[in-house]
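All remarks here apply to the structure that follows.
Numbered from 1 within each chain, the chains take letters A, B, ... in sequence-line order.
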Amino acid sequence: MPPIVEIAALYKSFGETQVLRGGDLNVNQGEVIAIIGKSGSGKSTLLRCINGLERFDSGAILVNNKQIDHDSAAAMRELRQQVGMIFQSFNLFPHLTVGRNIMLAPKLVKKRTTEQGEEQARTLLSRVGLEEKYDAMPDRLSGGQQQRVAIARALAMEPAVLLCDEITSALDPELVGEVLRVVESLAKDGMTLMMVTHEIGFARKVADRMIFMHQGKVHEMGPPDELFANPRTPELRQFLSSLHN
Amino acid sequence: MPPIVEIAALYKSFGETQVLRGGDLNVNQGEVIAIIGKSGSGKSTLLRCINGLERFDSGAILVNNKQIDHDSAAAMRELRQQVGMIFQSFNLFPHLTVGRNIMLAPKLVKKRTTEQGEEQARTLLSRVGLEEKYDAMPDRLSGGQQQRVAIARALAMEPAVLLCDEITSALDPELVGEVLRVVESLAKDGMTLMMVTHEIGFARKVADRMIFMHQGKVHEMGPPDELFANPRTPELRQFLSSLHN
Amino acid sequence: ASEVFGQTALDGIVRSKAVRIAIPTDFPPYGFVGSDMQPQGLDIDMARLIAGKLGATPELIPVTTANRIPYLQTKKADLVISTLGKNPDREKVIDFTVAYSPFFIGVFAPKATELKGPEALAGKSIAVTRGSVDDAELTKVAPPTAEVRRFEDNNATISAFVAGQTQAVATSAQVAAAMITKNPQLGAEYKFLLKDSPNFIGVGKSEDALRAKLNEIILAAKADGTLEALSRKWLGRSTGDLPE
Amino acid sequence: MLAKGVAWTLGLTAISATAGIALGVGCAWARIHGPVWMKAVTGAYVELFRNTPFIVQLFFIFFGLPAMGFRLSPEAASILAMVVNLGAYATEIIRAGIEATPRGQVEAALSLALSRMQTFFHVVLPPALRKVWPALVSQIIIVMLGSSVCGQISTEELSFAANLIQSRNFRAFEAFIVAALIYLALSIALRRLLNWLGPRFLFGD
Amino acid sequence: MVEFTLWDILRNLLLAARWTVGLSLIAFIGGGFVGFALLIARLTPSRSARRLVSLYVQLFQGTPLLIQLFLAYFGLALLGIQTSPWTAAALALTAYTSAFLSEIWFGCVASVPRGQWEAARSLALNFWEQLRHVILPQALTIAVPPTVGFLVQVIKGTALASVIGFVELTKAGGMITNATFRPFTVYALVALIYFALCYPISLTARALERTLHAAHR
Ligand SMILES: Nc1ncnc2c1ncn2[C@@H]1O[C@H](COP(=O)(O)OP(=O)(O)OP(=O)(O)O)[C@@H](O)[C@H]1O
Ligand SMILES: Nc1ncnc2c1ncn2[C@@H]1O[C@H](COP(=O)(O)OP(=O)(O)OP(=O)(O)O)[C@@H](O)[C@H]1O
Ligand SMILES: [Mg+2]
Ligand SMILES: [Mg+2]
């Protein structure tokens, strides 16, 4: 089976600042990838390029063997059905109930009927442990609950890959666990995941492969335990040691 | 020499809540007093009463043998020239440079000339280790630097007593030290200080006398080491034990 | 800006059986509103008369002194019956019929104010309506030190004088008469004549067919005494000698 | 003639901006710190002038007030109308700025022995003005454009000039287009100027 | 000559106030539609559309409504386009209102957090779906108070329609003044009627703003 995401020689700058400088990366179906790295190393930018929120200057990204093409709205729409994204700040739609947050995109994009949508939404909510919140408004939920709804909402589009950008960073420490448990269960179920995270312990436990980004490139990569036990570059060594403080 | 601050039977309530319930306290010239106590025990309110930011319901406060009189604007101004205050949130004036923050009050209240004011401002800034920031705007400074400017600003009025209300609580841990060092040097130079603080180690080192407030009263009082070694009331004992966690 | 009219105004009137006539509402007794806000006055009667003779329904458009000519120029009105005096400037941009009613422009001021002639206006303030013949005449004779105050419409001019904002006012004798009766406390009186400037009906430039038709109607009305009757009814005096 | 009109328009605007902001500052102070009666009076003033058209205010001042024995030249009436009109808006804008000032600023100033007045003028007002300056500039420009109405009572500002020209040579379109372009240029230039002036002379101490 | 009782004055002013209300409604509705179109044009990715809109807004916010009215009335006619006072007033007021409304609304849309756009985009919604289902519903709640508040400016703006011969409240005031010579009474009444129209709207806008603020806390 070919890789589901292929990234080659990706370059991207914001004005003067070079943010991505030629990263290469292949992600296989069902793989769980954790991305770590210093602040500003380009982790978020990489994820945002993969689902087309950010244009890149040169290089290529292929998802399911299809090149990203910013000039075709239809192709972008197709891409985003393949690639779901979950944000640090949840970004639930505040004017819609939890149920309607989940149903909106399937209804508009996949032309689901209301009944199909409702049934799916309830199933997904129970999967993230929030079946009773179907009719709640987002602002009535705790951060952890909101993030779980956001996960359910992304899953409703049945993406092939799910991108998670520090999805527990905005949560109070006591709420982090409930979100991570959901992510772990997704990983177990075979979902392809790419997650930027500071929860190193969690990443080590769940990830098949860990990627250390440094100055806009994949600097080191490998099974988590190997990376931790045996960092090859001084940059990773320094990064890991800073974590222990 | 009579005490510089005398407080007798001070009562104060906000609506229904009794905040001060009859505290007594005398402070001598050159004394350094640390005030500790649980949140809500009335520490801030006590300090705010002493420089007239808060009215009290009954009792008396004498500063330099003069009773506080809220009805005379002139008397209040006189009082505040005696009693300086430094706040948790710095409260620098954002539209004025550091130098002008310091010079403003002496110029307006003490009718200093601009030259006198400038000279004094530079002297005070070098005392708090910030001589090169004379022309900087406050928002360009770190929290620790801002707080040191606030101290210099209060000193410019040459107060007899300086009140400090948790002046390091809003600072990142690595910046606390630089502010405490300035306070310590003030104490060494013989400034009369009343400080509410959570930095127990510092208080123990610098204070001549420590005051434990509980439910709006001075509950226990004495040399810091004695108070720590030998708390007489169960309330203080409990408070001290909670600190060790 | 001169226009090329695709058709003559008269054709339009005949076809639509309606005629748009610009009339004053700020100029008693020529045109003013009653307590029902309906316009009345000499010019309004004249407008009705003309419309009747043209076999068309009159559509009365209230205009101000300053904007009556733009109305004609921009074809927002077929004709202007609005205390319009003739002068060379205006003749460059519109055409005139023969005169239909008399109009005297004078300067008025309180009795206490010495005002023998135009020279006496030096250093005094005087209200006038911008763009009127009054304005043109006053501007011609007023000494440079006179403070000429030009207002948007006759309402404003009269109000300003009545309110005491100016020491004198230049306006028509009839307007002044109405003003003086209404405001005896002013003690205003006629001071001197600026111009005997009878009123004409204005039509668009080169609307010769319409102008000829109107002239015919006016001359007939003059001959059968209708104009005289109108003048007596509204102005309380004879038309005198109207130029043709 | 247009040049004279521009001069008048700018003069009216300059005077009314200065006096209007001063009035706004005074009324904003009264609405926040004044005694109850002062709050009521300034409140009524602000509401009355913000809820009636400028042209009506102008006519009332010029035509109506003389009946009360209070007589003003057209220019004085124009200025008065513009000042009180801008003053009403400025009051609300400045008040919002003052209320956004953190309490800690006032307490810091008081504890440095500044009087209430000194605290207001040296500590509260400058940052408040800075915060609301863009809103004030927009309002000043609205008032400048509104001054076009003053021509109706014979103040010889820009649109009066345009009107006079068109009633002499009957070239309405050209006169108004030229006037519109001048107003546009004025409002762009004025915004630039005020954005430059404000930080330099108003908010520093 | 004609005698006006106080009641006559008031009655005629109130009758004329109908036109003020009518003009305001036209301006508000017309301005609302055009303003909305401008808003959409300004939100689309097309740069030239955005530039055009900002030019339009600057033009109509940078010139006096008075001059806009003159131009719509006399100016357009000289170009061969006939406009009645109604159309001219409706045209000028609509242009003026739409410029301000699109500006107000753009501010409201801009205050919807970027994350909302991005979340909608990453759910594969297209531009119009993002706008229709995610952004506009949120912007709408924010937009209600300032929009209602702006209605007051529109009502006051209609006073200027008097200069193109439109007999609304202000013009009627002028005409009655001339017939009665009682400017103080007449203009005081005119002002009062405007106040009676505008003040309740101001109050409503403020109340709406407070509830919105409370809801956001
Ligand atoms: N929209 C933008 N405009 C300009 N610069 C940007 C933008 N977004 C990101 N950057 C810059 O790009 C660099 C990389 O940003 P990115 O968000 O990808 O880093 P990151 O690895 O996700 O960091 P963090 O751990 O802080 O989230 C940073 O220097 C950042 O300042
Ligand atoms: N302005 C106020 N209005 C009403 N209640 C107040 C006000 N200021 C303080 N209080 C109440 O008075 C009590 C004592 O407050 P104070 O700030 O003096 O406590 P504190 O000892 O300084 O506590 P902390 O350590 O949290 O600063 C608290 O219950 C507080 O809620
Ligand atoms: Mg990031
Ligand atoms: Mg406290």
Side-chain angles (χ1 to χ4, degrees), chain B residues 44 47-48 50-54 70 72-97 99-111 114 137-139 146-147 149-150 152-159 161-165 170, chain D residues 21-22 24-25 28-30 32-35 38 90 93-137 194-205:
Chain B
S44 297
L47 289 198
R48 292 164 60 83
I50 297 175
N51 86 334
L53 284 179
E54 212 78 73
H70 276 275
S72 153
M76 290 309 286
R77 282 183 80 162
E78 185 53 40
L79 166 75
R80 285 167 180 153
Q81 295 187 49
Q82 308 279 333
V83 183
M85 181 141 180
I86 305 164
F87 302 84
Q88 180 175 338
S89 49
F90 328 141
N91 291 335
L92 294 187
F93 305 134
H95 59 297
L96 300 179
T97 61
R100 273 137 79 66
N101 257 281
I102 297 174
M103 285 153 61
L104 182 71
K107 205 164 150 187
L108 291 175
V109 180
K110 295 207 189 280
K111 312 289 173 209
T114 308
M137 294 308 278
D139 57 5
Q146 289 194 45
Q147 194 61 294
V149 174
R153 183 176 69 175
L155 291 178
M157 293 298 285
E158 296 163 354
V161 188
L162 204 53
L163 311 177
C164 305
D165 190 1
Chain D
I21 289 178
V25 168
W29 182 87
I32 296 175
H33 298 296
M38 231 189 234
I93 294 172
I94 294 170
R95 182 170 77 131
I98 291 174
E99 282 175 349
T101 307
R103 260 207 75 67
Q105 293 286 315
V106 177
E107 294 190 340
L110 290 179
S111 74
L112 286 169
L114 267 59
S115 69
R116 293 244 158 226
M117 270 296 160
Q118 289 170 334
T119 302
F120 182 76
F121 280 107
H122 293 274
V123 174
V124 175
L125 193 56
L129 278 181
R130 172 156 57 188
K131 207 165 300 158
V132 300
W133 191 241
L136 273 179
V137 169
L194 289 175
N195 284 339
W196 180 84
L197 272 181
R200 238 144 284 247
F201 297 104
L202 268 176
F203 322 136
D205 169 64

Go through the atoms of [X] and report whether side chain, backbone, both or neither lie under 4.5 Å from a heavy atom of chain D.
{"X": "Leu92(B)", "answer": "backbone"}
{"X": "Phe87(B)", "answer": "side chain"}
{"X": "Met85(B)", "answer": "both"}

Inter-residue atom distance [X].[atom1] - [Y].[atom2], 0.5 Å rounding:
{"X": "Ser111(D)", "Y": "Leu79(B)", "atom1": "OG", "atom2": "CG", "result": "10.5 Å"}
{"X": "Leu125(D)", "Y": "His95(B)", "atom1": "CG", "atom2": "NE2", "result": "9.0 Å"}
{"X": "Ser89(B)", "Y": "Arg103(D)", "atom1": "OG", "atom2": "CZ", "result": "12.0 Å"}

Please check: side-chain N/O of Asn91(B) versus main-chain N/O of Ala108(D), any donor-acceptor pairing under 3.5 Å?
no
Quick check against the 3.5 Å criterion: does Glu78(B) have a side-chain atom that pairs as donor or acceptor with the backbone of Ala113(D)?
no
Please report the closest heavy-atom contact between Arg130(D) and Pro94(B), naming both atoms and the distance.
NH2-O, 3.7 Å
Do [X] and [Y] have side chains that get closer than 4.5 Å, going by heavy atoms?
{"X": "Glu107(D)", "Y": "Arg48(B)", "answer": "yes"}
{"X": "Leu112(D)", "Y": "Leu108(B)", "answer": "no"}
{"X": "His122(D)", "Y": "Arg100(B)", "answer": "no"}

Has Arg77(B) got more than 12 heavy atoms of other residues, nucleotides or ligands less than 6.0 Å from its CZ?
yes
Salt bridge (charged side-chain N to carboxylate O under 4.0 Å, His left out) partners of residues 79-92 of chain B, not counting sequence neighbours, each pair once
none
side-chain contact (heavy atoms from CB on, under 4.5 Å) between Leu104(B) and Val123(D), intermediate numbers included:
CA-CA 9 Å; Leu104(B) 182 71; Val123(D) 174; 3.9 Å; yes
Residues which pass side-chain hydrogen bond (donor to acceptor under 3.5 Å, both in side chains) with Asn101(B), listed by chain and number, not counting sequence neighbours
Arg153(B)
